[in-house]
Amino acid sequence: QVQLVESGGGLVQAGDSLRLSCVASGLTIESYKLAWFRQAPGKERESVATISENGDETYYVDSVKGRFTISRDNARKTVYLQMNSLKPEDTAVYYCAAGKLSVTELLPRTEWAYDCWGQGTQVTVSS
């Protein structure tokens, strides 16, 4: 059974840092592009960061560039999202996702390119 389990969310103040983790099971993680998405209340889910299978290539949405870092440890079957200098507008449920093997785009940013999702972890940033 393929499963992604996120952890690391919480309530922090603006300017603080958090590191999200997502542990995969039931899949050969090194074969998958991995991504973090987020969904704020009343908003659509958006792509935050994506990482290629070997970790050499990454993508970030403009609003998190310079503050967030996506990384992966294939030996630990884990993808991370280091979030620094958090802002209230970063408040959302954060989801990790594994890409469809049929997708050839290097760093896909749309939901349809991913077919395995975690349950989400809440990040709340107070001002």
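Quick caveat, the model's predicted, so the values are computed rather than measured.
The main-chain N or O of Gly26 is never found under 3.5 Å from a side-chain atom of Lys77 such that the two would form a donor-acceptor pair. Although no hydrogens or angles enter the test, the distance criterion places a donor-acceptor pair under 3.5 Å between the side chain of Thr78 and the main chain of Arg76.
By the ring-ring contact (aromatic ring centres under 6.0 Å, His included) test, Phe37 pairs with Tyr114, Trp117, sequence neighbours left out. With sequence neighbours excluded, the residues satisfying side chain to side chain contact (heavy atoms under 4.5 Å, CB included) with Ser17 are Gln82, Asn84. Judged as a salt bridge (Lys or Arg N to Asp or Glu O under 4.0 Å), and not counting sequence neighbours, Asp115 has no contacts. Listed by chain and number, the residues in a side chain to side chain contact (heavy atoms under 4.5 Å, CB included) with Ser25 are Gln3 (sequence neighbours excluded). Shown here are the salt bridge (Lys or Arg N to Asp or Glu O under 4.0 Å) partners of Glu30, two or more places apart in sequence or in another chain: there are none. Residues passing the side chain to side chain contact (heavy atoms under 4.5 Å, CB included) test with Ser31, sequence neighbours excluded: Thr28, Leu101. Residues passing the salt bridge (Lys or Arg N to Asp or Glu O under 4.0 Å) test with Asp56: none are found, sequence neighbours excluded.
Transitive grouping of hydrophobic side chains (ILVMFWY, heavy atoms separated by less than 4.5 Å) brings Val2 and Ile29 into a common cluster. Cluster membership check: Val23 does not share its hydrophobic cluster with Met83, using side-chain heavy-atom separations under 4.5 Å among Ile, Leu, Val, Met, Phe, Trp and Tyr. Cluster membership for Tyr59 and Leu106, using ILVMFWY side-chain heavy atoms within less than 4.5 angstrom, is shared.
Closest approach of Ala98 and Tyr32 over heavy atoms only: CB-CD2, 4.1 Å. Counting all heavy atoms, side chain and backbone alike, Leu4 lies closest to Cys22 at CB-SG, 3.8 Å. Between Ala92 and Gln122, the shortest heavy-atom distance links the atoms O-NE2, 3.4 Å. Nearest heavy atoms, Val64 versus Val48: CG2-O, 3.8 Å. Scanning both residues, Val79 and Cys96, for their nearest heavy atoms gives CG1-CB, 4.4 Å. The nearest pair of heavy atoms linking Thr121 to Gly9 is OG1-N, 3.2 Å.
Sorted by first and then second residue, the salt bridge (charged side-chain N to carboxylate O under 4.0 Å, His left out) pairs involving residues 95-109 (not counting sequence neighbours) form an empty list. Sorted by first and then second residue, the salt bridge (charged side-chain N to carboxylate O under 4.0 Å, His left out) pairs with a member in residues 6-19 form an empty list; sequence neighbours excluded. For residues 60-105, no residue pair satisfies the ring pair (Phe, Tyr, Trp, His ring centres under 6.0 Å) rule, not counting sequence neighbours. The stretch residues 34-49 participates, sequence neighbours left out, in these salt bridge (charged side-chain N to carboxylate O under 4.0 Å, His left out) pairs: Arg38-Glu46, Arg38-Asp90, Arg45-Glu111.
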Step by step, would you call Leu107 with Ser52 a side-chain contact (heavy atoms from CB on, under 4.5 Å)?
CA-CA 6 Å; Leu107 297 170; Ser52 61; 4.2 Å; yes

Might you work through the side chain to side chain donor-acceptor pair (under 3.5 Å) test for Glu89 and Thr91, ending with a clear yes or no?
CA-CA 5 Å; Glu89 51 263 44; Thr91 295; over 6 Å; no

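By the 4.5 Å side-chain criterion applied to Ile, Leu, Val, Met, Phe, Trp and Tyr, Val103 is assigned to a cluster that also includes Trp112.
Within the 4.5 Å cutoff, the side chain of Thr50 has no heavy atoms near those of the Thr58 side chain. Considering only heavy atoms from C-beta on, Ser47 stays 4.5 Å or farther from Trp36 through its side chain.
With hydrogens and angles left out, the side-chain atoms of Asn74 and Arg72 include a donor and acceptor closer than 3.5 Å.
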